[in-house]
2 protein chains.
Amino acid sequence: MPARSRSTEPLYRIKADLFKCLAHPARIQVLEVLAADGTDVSVARLLHVTGCMSSQLSQHLAVLRRAGLVTSSRSGNAVSYRLTEPLVAELLNVARAFLLAGLARDEGQIEAVRELPPLPGANPASLLDATRRART
Amino acid sequence: MPARSRSTEPLYRIKADLFKCLAHPARIQVLEVLAADGTDVSVARLLHVTGCMSSQLSQHLAVLRRAGLVTSSRSGNAVSYRLTEPLVAELLNVARAFLLAGLARDEGQIEAVRELPPLPGANPASLLDATRRART
DNA sequence: TGATGGTTTTATACTTCCATTAATCCAGGA
DNA sequence: TCCTGGATTAATGGAAGTATAAAACCATCA
């Protein structure tokens, strides 16, 4: 494959690549810290927050950098990172909202089951367990 | 690892898993169609839009279903899908906005270089090429 | 009931991603 | 200059994700 130039590549591919960059817990942690702080964050701090090895973190940071999600700047011997674009924080917010909405929906279902009239020969607890298993 | 229950799992892991589900062009295509139409969309149509094999598409749909992103319903012999939650569409919107913002920023940089005063011994075109290489 | 069209599941080879280790780079201080 | 601490890059073995093909499912219709 001759590596189609980025501008002619269909948007859904570029989007998929973007999400691929977000598809790792350590990278999410990094972005969340950057989004929360709003300012530059040192690699040392990210290292402490994520708890992973420096080489590992560097590789994740490289992924985020290549995607244009973050920007690095070096002052003396220390390097620090920041979000290139506030929309990244928004992306994380919407993702969280979606997950919370899902939880709320599930809670609602559980409530609905609780309010069912009791059936002969089946107790509510086992019914709940059944739905929980079914959701997996 | 004893497979921590979903509710006790840290949010950044769940988020990463969510983005993992979005990290494939075919799945993005599917979600975009569902988001655009707003209503139920038949598998046949998705099959036509994405152009992939039915078995392949089914696997992608299974990924989206397990993540709670889409919901399926069967009427007769045909199955159709819809977004479980409108926030998914919002997620795609923000992603697109971010990518467009990135493009705009790059355009801006190019403009800035164009407006630089000419330097002796260097022509603007090569400068542009240099910045483009540096960005990779 | 058997046959058919549409969808999903299973199995397997293949590709990509990730963690780990070692090596390299880069700036500052002795 | 050499050394040291902080960060990145390179190399590699193993895990996870994906495409392909084959089998199973499920509802409809003859």
Side-chain angles (χ1 to χ4, degrees), chain A residues 1 3 12-31 33-34 40-67 69-82 134 136, chain B residues 1-4 9 12-31 33-34 40-67 69-82 134-136:
Chain A
M1 253 186 303
Y12 61 86
R13 275 183 188 280
I14 305 183
K15 261 189 219 178
D17 285 341
L18 169 60
F19 287 124
K20 209 173 291 184
C21 293
L22 301 175
H24 193 286
R27 294 198 287 267
I28 295 292
Q29 279 185 294
V30 167
L31 293 177
V33 172
L34 297 186
D40 289 25
V41 175
S42 69
V43 170
R45 172 122 182 279
L46 295 174
L47 212 43
H48 173 259
V49 169
T50 62
C52 55
M53 281 177 306
S54 69
S55 117
Q56 198 175 344
L57 178 62
S58 259
Q59 291 183 109
H60 288 305
L61 289 172
V63 170
L64 297 176
R65 243 186 299 121
R66 277 194 291 269
L69 287 162
V70 304
T71 309
S72 68
S73 57
R74 162 167 230 143
S75 68
N77 204 355
V79 179
S80 50
Y81 283 82
R82 61 183 168 285
T136 316
Chain B
M1 257 186 296
R4 201 191 317 222
E9 195 147 10
Y12 61 84
R13 275 182 190 281
I14 306 183
K15 258 189 221 177
D17 285 342
L18 168 61
F19 287 124
K20 212 174 288 185
C21 293
L22 301 175
H24 194 287
R27 295 199 286 267
I28 294 292
Q29 278 185 295
V30 167
L31 292 177
V33 171
L34 296 186
D40 288 24
V41 175
S42 70
V43 171
R45 173 121 181 280
L46 295 174
L47 211 43
H48 174 259
V49 169
T50 62
C52 53
M53 282 178 305
S54 69
S55 122
Q56 197 175 346
L57 178 61
S58 259
Q59 293 185 105
H60 288 306
L61 290 173
V63 170
L64 296 176
R65 246 187 296 120
R66 278 194 290 268
L69 286 162
V70 303
T71 309
S72 68
S73 58
R74 161 167 230 143
S75 68
N77 204 356
V79 180
S80 50
Y81 284 81
R82 63 183 168 288
R135 260 187 302 131
T136 314

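Side-chain atoms are counted along with the backbone in the values below, which use heavy atoms only and exclude waters and symmetry mates. Residue numbers begin at 1 in each chain, while the letters A, B, ... track the order of the sequences.
- Put simply, A:Arg66 has no side-chain N or O that comes within less than 4.0 Å of OP1 or OP2 on D:dT9.
- Each end of the helix from C:dT1-D:dA30 to C:dA30-D:dT1 yields a helix axis from five base pairs, and these two axes differ in direction by 0° (to the nearest 10 degrees).
- The shortest distance between side-chain heavy atoms of B:Val30 and B:Val41 does not fall below 4.5 Å.
- Nearest to the side-chain atoms of B:Ala62 among the listed nucleotides C:dT9, D:dT8, D:dA19 stands C:dT9.
- Counting atom types as modelled, A:Ser55 pairs no side-chain N or O with a base atom of C:dA19 as donor and acceptor under 3.5 Å.
- The side chain of A:Gln59 lies closest to D:dA10, out of C:dT7, D:dA10, C:dC18.
- One can place CE of B:Met53 at 6 Å from P of D:dA21, the figure rounded to the nearest angstrom.
- Rounded to an integer number of Å, the gap from CZ of B:Arg27 to P of D:dG17 is 9 Å.
- Ring-plane geometry between A:Phe19 and B:Phe19 is classed as parallel, the angle between the planes falling under 30 degrees on a 0 to 90 degree scale with a further cut at 60.
- Computed from coordinates, the B:Arg74 CZ to C:dT9 P distance equals 10 Å when rounded to whole Å.
- One interatomic measurement links the two molecules: CG of B:Leu46 to P of C:dG6, which rounds to 15 Å at whole-angstrom precision.
- Take the nearest nucleotide of DNA chain D for B:Val63 and for B:Ser75: the residue whose nucleotide is more 5' is B:Val63.
- For the atom pair A:Arg27 CZ and A:Leu22 CG, the distance stands at 8.0 Å (nearest 0.5 Å).
- Nucleotide D:dA19 holds its P atom 11 Å from the CG atom of B:Leu57, rounded to whole Å.
- Considering only side-chain N and O atoms, B:Tyr81 lies nowhere under 4.0 angstrom from the phosphate OP1 or OP2 of C:dT7.
- Between B:His60 and D:dA19 there is a side-chain polar atom (N or O) within less than 4.0 angstrom of OP1 or OP2.
- If you take CZ of B:Arg45 and C1' of C:dG6, they are 18 Å apart, rounded to a whole angstrom.
- In this structure, B:Gln56 places its CD atom 15 Å from P of C:dT15, rounding to the nearest Å.
- Counting atom types as modelled, A:Asn77 pairs no side-chain N or O with a base atom of C:dG28 as donor and acceptor under 3.5 Å.
- Nucleotide C:dT8 holds its P atom 12 Å from the CG atom of B:Leu64, rounded to whole Å.
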